[in-house]
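First comes the structure, then the notes that go with it.
Throughout, residue positions are numbered sequentially from 1 according to the sequence presented.
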Amino acid sequence: MNRYFFLIFNFVLIVASGSVISPVTTAAEREHESADRPPPNIVFFFTDDQTTSTLGCYGNPVVQTPNIDALARRGVRFENAFVSQAICWVSRTTILSGLTGRTYGTPGNHELAKPEAVETLYSDLLREEGYRTGYFGKWHAKMPKGYRPDEHFDEFEAIGRNPYYKRQPDGSLRHETELIVDRGIDFLQRHDKSKPFALNMWFNACHAEDGDRRPGIGHFPWPRSEDAGVADSLYETATIDPPRLDDPAIFESLPSFLKTTINRERYFWRWNTKQKYETNMRAYYRMVSGIDANIGRFMAELEKAGLADNTIIVYSADNGYYMGNRGLAGKWSHFDDALRVPLIIADPRLSQAQRGKVSDALALNLDLPATFLDWADAEVPARYQGRSLSPIVQNERVPDDWRTETFHEHFAVRNRIPAFEGIRSKQFKYARYIDHQNTEFLHDLQSDPDERTNLADDPKYAETLAMMRAKTDEQVAELGGPLEPLEGNFSASTEPHPVASAAVAGRAGKDGFVQVFNGKNLNGWEGDPKYWSVEDGALTGVTDGSLKMNRFITWTPTTIRNFDLRVKVKVTAGGNSGIQYRGTSRPDLGLDVVTGYQCDVVANTPQYNGMLYEEKGRRILSHTGEKVIVDTDGSCWVVGTMPVKEFEPDQWHDYRVLVQGNHHQHWIDGHPTADLIDLDPNGRVLEGVLAVQVHVGPAMKIQYKDFQIKHLPDDLPLLKPDDHPIPADAYGVRPQAKLPKDWKPPVYGER
């Protein structure tokens with residue numbers, strides 16, 4: 001498209017001068033190298049769901065990000081970089097189009113971009129200037145029907161998650177982060193050095209795998225290959241501090257519509273217990289380090305190609321992330337946890353004095369496309385609502401006319417995420433939730449940087465409130481006008497304090513039970529299809545007798561804590577399986593391996609069928625027919641017995657597992673097989689995943705159907721030693737080991 005025609009075409013979208021969205025960059029503001037220097041190459045690393053607190057260069061003392069930190073040391077790091085709207089697709093479309101969601105969105109369906117708003121992306125304008133453009137990674141932009149993103153780049157490949165690990169032709173698994181950088185390196189190696197390039201590598205990491213809520217490798221999968229992966233043990237011994245803003249009073253101070261939204265629902269997916277929080281934080285950090293390692297891999301290739309001295313590197317994220325702060329997860333609302341993002345620009349042309357600079361200028365994701373075009377010495381379209389960051393990067397002083405305020409909004413998924421709009425300055429932040437009676441927030445960011453106090457009802461701030469309200473009205477009018485009222489009722493995602501945190505994964509039937517297996521496919525389950533399938537409406541595991549390690553399939557929608565589980569089980573003669581519960585994923589042993597409590601399913605050995613075992617842990621806790629108390633030191637004592645019955649193989653039997661606090665009970669066909677109280681505070685686990693297994697040994701088939709679970713309240717009390725004394729004549733559970741012929745169990749009173 002002719003540049004002058006393009007400017008005329010977009011004139012209607014010019015933003016009025018003096019608005020919060022700063023005026024476009026003028027030619028006089030651009031300070032480039034001499035005309036004989038070739039235009040710089042541009043590499044844009046873009047992450048998902050990452051706040052500044054998860055990078056070493058922003059002050060995190062635990063996470064290891066040496067390559068990103070090196071970019072900050074030789075570039076400019078922005079302390080106050082924000083997104084205009086904290087959700088993936090709006091933030092990404094804003095960068096592609098140079099417009100806020102309010103402006104680019106279709107009236108009545110603002111999440112969908114108008115055709116004229118995305119007809120020409122910044123990549124198209126770079127191509128007009130002779131740039132070769134590449135895009136690899138997460139797309140997730142809601143474009144008009146028939147839109148072809150590949151037409152806007154010289155090379156384009158959308159690489160998503162679901163799953164993160166992609167099966168390669170040689171059978172190996174490769175993480176999406178690695179694949180994206182693989183494509184970037186290939187793009188680089190094939191590049192004609194006679195022309196500049198602009199390469200976008202937009203990661204899915206560090207976004208959680210939302211459909212897989214197994215803490216750790218399930219929810220936050222990290223790169224694991226040898227050439228650019230992260231050790232599974234990384235951060236395993238690191239001290240993980242609790243969320244900085246985890247005081248329950250902070251959550252309780254929120255209005256009810258913020259306490260029941262997706263932010264709170266997903267808190268129970270990933271942060272609601274100390275163990276889950278620490279497991280997921282370690283996994284998240286491994287994802288970050290995986291990105292960092294792959295950036296290092298790309299930078300080495302850039303140096304090898306001799307292009308590093310004229311390539312500008314940009315690192316940022318599409319939105320912030322709560323990380324458990326305020327009792328919330330995700331992003332989406334008006335607090336800085338959601339809006340603030342990392343932004344690092346490493347320009348090799350910088351003077352030594354400018355390298356390592358930290359800027360406090362208010363920067364927006366809106367500024368990035370204007371900045372890219374400015375570096376290419378291209379005209380910045382009049383419609384763009386951001387301005388080039390180049391003057392801030394190149395000069396010691398922020399331009400005198402730089403913005404002092406930013407506009408923020410949220411309108412995506414309005415039926416479940418509260419919509420807001422508002423203004424942020426360096427001192428004050430104003431927000432109003434437009435579908436919730438225009439509930440207002442006003443924070444003094446200087447005296448209350450954590451935004452804990454809402455001053456909207458404080459008479460002392462009435463004048464400030466009125467001013468910020470008026471400025472918001474002005475911006476709304478300039479950017480596209482008010483949103484249409486929400487049609488229908490707002491749907492709460494969860495209770496503020498669910499009776500059972502696991503209940504956020506699905507709706508229970510009238511009897512309180514949730515179906516764990518649909519009888520049709522493996523949706524909601526993760527395991528190796530080599531061993532697991534659906535046969536005759538049953539979850540079916542098959543082995544040929546050659547297994548060297550037990551193989552598992554895990555239920556992914558939620559972890560389980562206190563529950564009543566019912567399932568029909570059929571196993572062939574000689575078969576051995578188990579129902580794993582409150583389990584822990586062990587990627588160090590295998591991506592599908594789970595350890596933890598287990599109700600054994602053993603066809604031919606009555607004293608094992610229905611017993612309580614702990615995989616890769618304390619092992620046999622209770623043989624079938626034993627009532628056991630595990631003392632505070634982890635020793636198991638038989639305090640009573642029950643009759644042992646045999647159950648025919650190749651027949652369906654009803655298994656039941658009831659776990660309430662630290663009290664475990666198992667039944668087969670209504671007959672009790674295990675009854676155990678776990679008083680060991682160091683050995684027991686109170687929450688984990690649900691899985692089933694096929695066992696090493698002879699060839700077998702194990703089938704599960706009518707699989708259902710009732711989630712019981714999280715806060716069921718733990719049984720205490722004083723209330724359950726161990727009798728003096730209690731004897732020790734026979735351990736799983738080769739014992740002397742004259743072995744006799746220890747007696748509790750004779751220790």
Side-chain angles (χ1 to χ4, degrees), residues 1-11 13-15 21-33 35 37-46 75-76 78 81 84 91-100 103-104 116-135 141 149 151-154 195-202 310-316 343 345-350 361 363-395 399 402-403:
M1 181 183 293
N2 181 278
R3 180 182 299 167
Y4 300 103
F5 177 80
F6 178 81
L7 289 172
I8 294 170
F9 175 79
N10 291 294
F11 182 77
L13 291 171
I14 294 176
V15 180
I21 305 300
S22 303
V24 297
T25 304
T26 65
E29 289 175 314
R30 296 198 299 267
E31 298 181 12
H32 280 282
E33 304 292 325
R37 179 162 184 171
N41 305 308
I42 303 166
V43 172
F44 182 19
F45 293 111
F46 199 38
V76 176
F78 286 80
S84 58
S91 180
R92 291 164 185 266
T93 309
T94 286
I95 293 173
L96 292 166
S97 69
L99 304 172
T100 63
T103 305
Y104 81 64
E116 63 269 25
V118 292
E119 180 182 3
T120 304
L121 308 182
Y122 73 80
S123 56
D124 297 306
L125 300 177
L126 288 175
R127 291 168 79 183
E128 289 182 8
E129 298 296 328
Y131 273 74
R132 173 174 170 248
T133 61
Y135 185 106
E151 295 177 351
H152 298 267
F153 299 88
D154 293 300
K195 63 188 301 185
F197 69 83
L199 175 58
N200 301 271
M201 286 175 275
W202 289 22
N310 196 39
T311 301
I312 303 172
I313 309 294
V314 179
Y315 182 94
S316 194
L343 176 59
I345 297 177
D347 187 340
R349 305 170 304 172
L350 286 181
L364 285 168
N365 56 346
L366 274 166
D367 298 328
L368 289 173
T371 305
F372 300 154
L373 295 176
D374 190 11
W375 286 333
D377 205 17
E379 292 289 342
V380 177
R383 66 172 181 163
Y384 274 22
Q385 295 169 336
R387 62 185 293 184
S388 174
L389 296 166
S390 183
I392 297 174
V393 174
Q394 294 287 344
N395 302 313
W402 194 258
R403 69 170 67 92

Would you mind reporting whether [Y] and [X] have side-chain heavy atoms less than 4.5 Å apart?
X	Y	result
Leu96	Tyr122	yes
Pro38	Asn310	yes
Val380	Ser388	no
Val43	Phe197	yes
Tyr131	Pro39	yes
Leu199	Thr311	no
Thr93	Leu99	no

Starting at [atom1] of [X], measure out to [atom2] of [Y] and round the result to the nearest 0.5 Å.
X	Y	atom1	atom2	value
Leu368	Tyr384	CG	OH	11.0 Å
Ser123	Arg132	OG	CZ	14.0 Å
His152	Arg127	NE2	CZ	8.5 Å
Ile42	Leu126	CD1	CG	5.5 Å
Ile345	Tyr315	CD1	OH	14.0 Å
Thr103	Arg383	OG1	CZ	10.5 Å

Taking all non-hydrogen atoms of both residues into account, name the closest pair between [X] and [Y] and its distance.
X	Y	result
Phe78	Ala363	CD2-CB, 3.9 Å
Gln394	Asp347	NE2-OD2, 3.1 Å
Pro196	Asn41	CA-OD1, 3.3 Å
Ala117	Ser97	O-CB, 3.7 Å
Arg387	Ala370	C-CB, 3.7 Å
Leu125	Pro381	CD1-CG, 3.5 Å

Apply salt bridge (charged side-chain N to carboxylate O under 4.0 Å, His left out) to Arg92 and list each qualifying residue two or more places apart in sequence or on a separate chain.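 Per chain and number, Arg92 pairs via salt bridge (charged side-chain N to carboxylate O under 4.0 Å, His left out) with Asp48, Asp318.
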Given the rule in the side chain to side chain contact (heavy atoms under 4.5 Å, CB included) test, do Asp124 and Glu119 qualify, once you have shown the distances and angles that lead to the verdict? CA-CA 9 Å; Asp124 297 306; Glu119 180 182 3; over 6 Å; no
Does the pair Asp367/Arg403 count as a salt bridge with the N-to-O cut at 4.0 Å? yes
Side chain to side chain contact (heavy atoms under 4.5 Å, CB included), paired with Thr371, selected from Ile312, Leu389, Val393: Leu389
Would you say the side-chain atoms of Thr133 pair up with the backbone N or O of Asp154, donor to acceptor, closer than 3.5 Å?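 Side chain of Thr133 to backbone of Asp154: a pair is present.
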Short side-chain to backbone donor-acceptor contact, Asn200 and Gly134, under 3.5 Å: yes
With a 3.5 Å cut-off and no angle check, do the side chains of Ser91 and Asn365 form a donor-acceptor pair?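 Short answer, yes.
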Evaluate the ring planes of Phe44 and Trp202, with Trp represented by its six-membered ring, and classify them as parallel (under 30°), tilted (30 to 60°) or perpendicular (over 60°). perpendicular
